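In what follows, a structure is listed as structure tokens, so that the remarks can point back to it.
For clarity, every value in this text was computed on a predicted model and none was experimentally measured. Each chain gets a letter, A, B and so on, in the order its sequence line appears, and its residues count up from 1.
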There are 2 protein chains.
Amino acid sequence: MEQKKAGGRTLAGDAYEAIRQAIRTGAVKPGDRLRFADLQALCGMSVTPVREALARLTAEGFTVLDDHRGYSVARLSLEELRDITATRQLCEGEALRLSVLRGDADWEGRVIAAHHLMARIPQAREDIPSAMREDWEARHAAFHAALISACGSPALLEICEKLFSRADRYRRLSVSLLGTARDVAGEHRRLMELALARDAEGAAAALRDHYGRTAAALEGFFAV
Amino acid sequence: MEQKKAGGRTLAGDAYEAIRQAIRTGAVKPGDRLRFADLQALCGMSVTPVREALARLTAEGFTVLDDHRGYSVARLSLEELRDITATRQLCEGEALRLSVLRGDADWEGRVIAAHHLMARIPQAREDIPSAMREDWEARHAAFHAALISACGSPALLEICEKLFSRADRYRRLSVSLLGTARDVAGEHRRLMELALARDAEGAAAALRDHYGRTAAALEGFFAV
DNA sequence: AAGTCAATGATTTTCGAAAATCCTGCGACC
DNA sequence: GGTCGCAGGATTTTCGAAAATCATTGACTT
């Protein structure tokens with residue numbers, strides 16, 4: 001979805017951001033019902049824009065709708081984590097492969113710049129202030145987006161973007177509960193190097209491995 | 001208010017179906033603006049459910065939203081046709097491969113039954129009544145859905161379903177403008193045979209070829 | 001006791017109009 | 001001659017309340 005510009009041109013857009021943030025940060029938990037009365041209080045607006053925001057969030061998999069029973073926060077599960085991971089490996093792997101094959105000098109610049117921005121601040125961890133964690137998350141997303149930005153397929157890019165944001169909720173779980181023992185920075189650097197060396201297959205394989213490790217690090221949590 | 005429950009559980013759902021149908025049948029054309037006043041008249045309801053319907057349609061790529069300028073029917077283009085085709089070949093090809101590997105006897109039954117239903121009525125063509133064409137389209141969609149139904153990945157299935165319905169608009173163009181010279185029935189039969197013979201790679205390749213032919217048959221139209 | 005059914009309360013869904021925003025055309029000014 | 005700015009009109013967006021629907025409770029029958 002790329003219809004909202006940050007800052008707020010419409011109230012519905014603001015509501016979308018506010019509720020999305022509440023879900024991502026855990027202010028409302030998976031399975032929680034989202035009552036319109038509460039959301040109107042949270043967002044400070046009437047029911048109509050809230051309804052539109054929920055429609056968008058539902059399309060992206062953050063919330064689910066039960067006819068005449070309203071909306072609730074989508075639950076997290078090991079099955080979904082595995083499912084999303086496998087689908088990302090397929091789609092984003094191919095997107096990266098295409099991007100490496102078709103990227104021009106301008107694309108190389110975007111990748112280098114995005115990596116540089118991300119590497120400048122420490123990775124999200126328990127002992128890092130929340131604001132900086134948010135910042136790193138944004139730069140992390142921008143780096144992955146830059147990698148596949150030259151794939152030439154808007155449809156594939158849209159799919160990857162949606163899957164990335166759906167996986168974001170699981171990624172946050174990883175940060176807050178397990179810490180980060182892996183050398184994520186090293187994985188990212190290697191990803192960039194393979195891409196810039198125009199090793200399409202190698203970069204795609206490294207990306208699949210990268211996502212596989214992230215998922216594996218979370219498997220334990222759901223064993224509870 | 002005394003609303004009748006004509007089939008739909010919510011008016012927003014009815015509006016979604018009505019507008020979607022208007023777009024698919026060409027009652028409103030690509031690029032046309034969708035004014036709320038017109039849609040309210042068409043659907044016989046107030047603005048709120050229409051707005052929700054448009055939000056859903058936009059999420060699926062049938063319409064586009066321009067902030068404060070309203071909704072319009074998404075345009076068709078050769079670039080998008082190629083893009084969607086390539087993405088379908090990737091996603092649905094993999095889904096079919098997985099489905100063939102993992103499908104059980106129950107899945108085989110679903111595939112055979114869906115194919116039988118589709119083969120019983122003639123394929124959509126100019127000289128066929130519109131109602132029968134709609135019927136065939138529905139069974140065609142059901143057949144393709146059955147093929148990949150055992151892939152085990154809800155995320156992938158959702159992506160395939162969305163891409164299928166997006167491609168549906170182009171498919172209709174093919175029917176009304178070019179007729180069907182290809183042996184589509186034969187392609188479908190071969191697809192089923194490969195799947196039931198558990199030739200996962202062969203079936204996936206046949207599916208990619210099937211979609212490639214459909215797209216190729218339409219290339220000419222956009223040359224205008 | 002168990003099951004049915006109607007009244008009640010909570011919540012979603014829809015309405016119709018008001019407010020906000022954008023587009024167009026016209027005129028003034030440089 | 002061309003550009004800028006500003007009413008007028010059309011359209012979207014939002015509001016607050018009314019209507020419809022779902023879940024629950026409790027009385028009443030079997």
Between [atom2] of [N] and [atom1] of [X], the distance in whole Å:
X	N	atom1	atom2	answer
B:R9	D:dC22	CZ	P	10 Å
A:Q40	D:dT14	CD	P	13 Å
A:F36	C:dA10	CZ	P	18 Å
B:R51	D:dT12	CZ	C1'	7 Å
B:H68	D:dG9	NE2	C1'	18 Å
B:Y71	D:dT12	OH	P	10 Å
A:E52	D:dC15	CD	P	12 Å
B:L11	D:dT21	CG	P	9 Å

### Query
Does B:R35 have a side-chain nitrogen or oxygen under 4.0 Å from the phosphate oxygens OP1 or OP2 of D:dT12?
no

### Query
Of A:S46 and B:R69, whose closest DNA chain D nucleotide lies nearer the 5' terminus?
B:R69

### Task
Assign each of B:L34 and B:T48 to its nearest nucleotide of DNA chain D by heavy atoms, then name whichever residue's nucleotide is nearer the 5' end.
B:L34

### 5'-most by nearest nucleotide on DNA chain C - A:G70 or B:P49
A:G70

### Message
Could you check whether atom CD of B:Q40 has more than 12 heavy atoms from other residues, nucleotides or ligands sitting under 6.0 Å from it?
### Response
yes

#### Entry: From D:dT13, D:dC15, C:dT11, nucleotide with atom closest to A:R33 side chain
C:dT11

### Task
Pick base, sugar-phosphate or nothing for A:L39, based on heavy-atom distances below 4.0 Å to the nucleic acid.
nothing

### Task
Return yes if some donor-acceptor pair links the side-chain N/O of A:R110 with the main-chain N/O of A:A146 below 3.5 Å, else return no.
no

#### Entry: A:W107 (side chain) donor-acceptor with A:L147 (main chain) under 3.5 angstrom
yes

### Query
Any side-chain donor-acceptor pair under 3.5 Å between B:Y16 and B:R56?
no

### Query
Going by the angle between their ring planes, with limits at 30° and 60°, are A:H144 and A:H188 parallel, tilted or perpendicular?
perpendicular

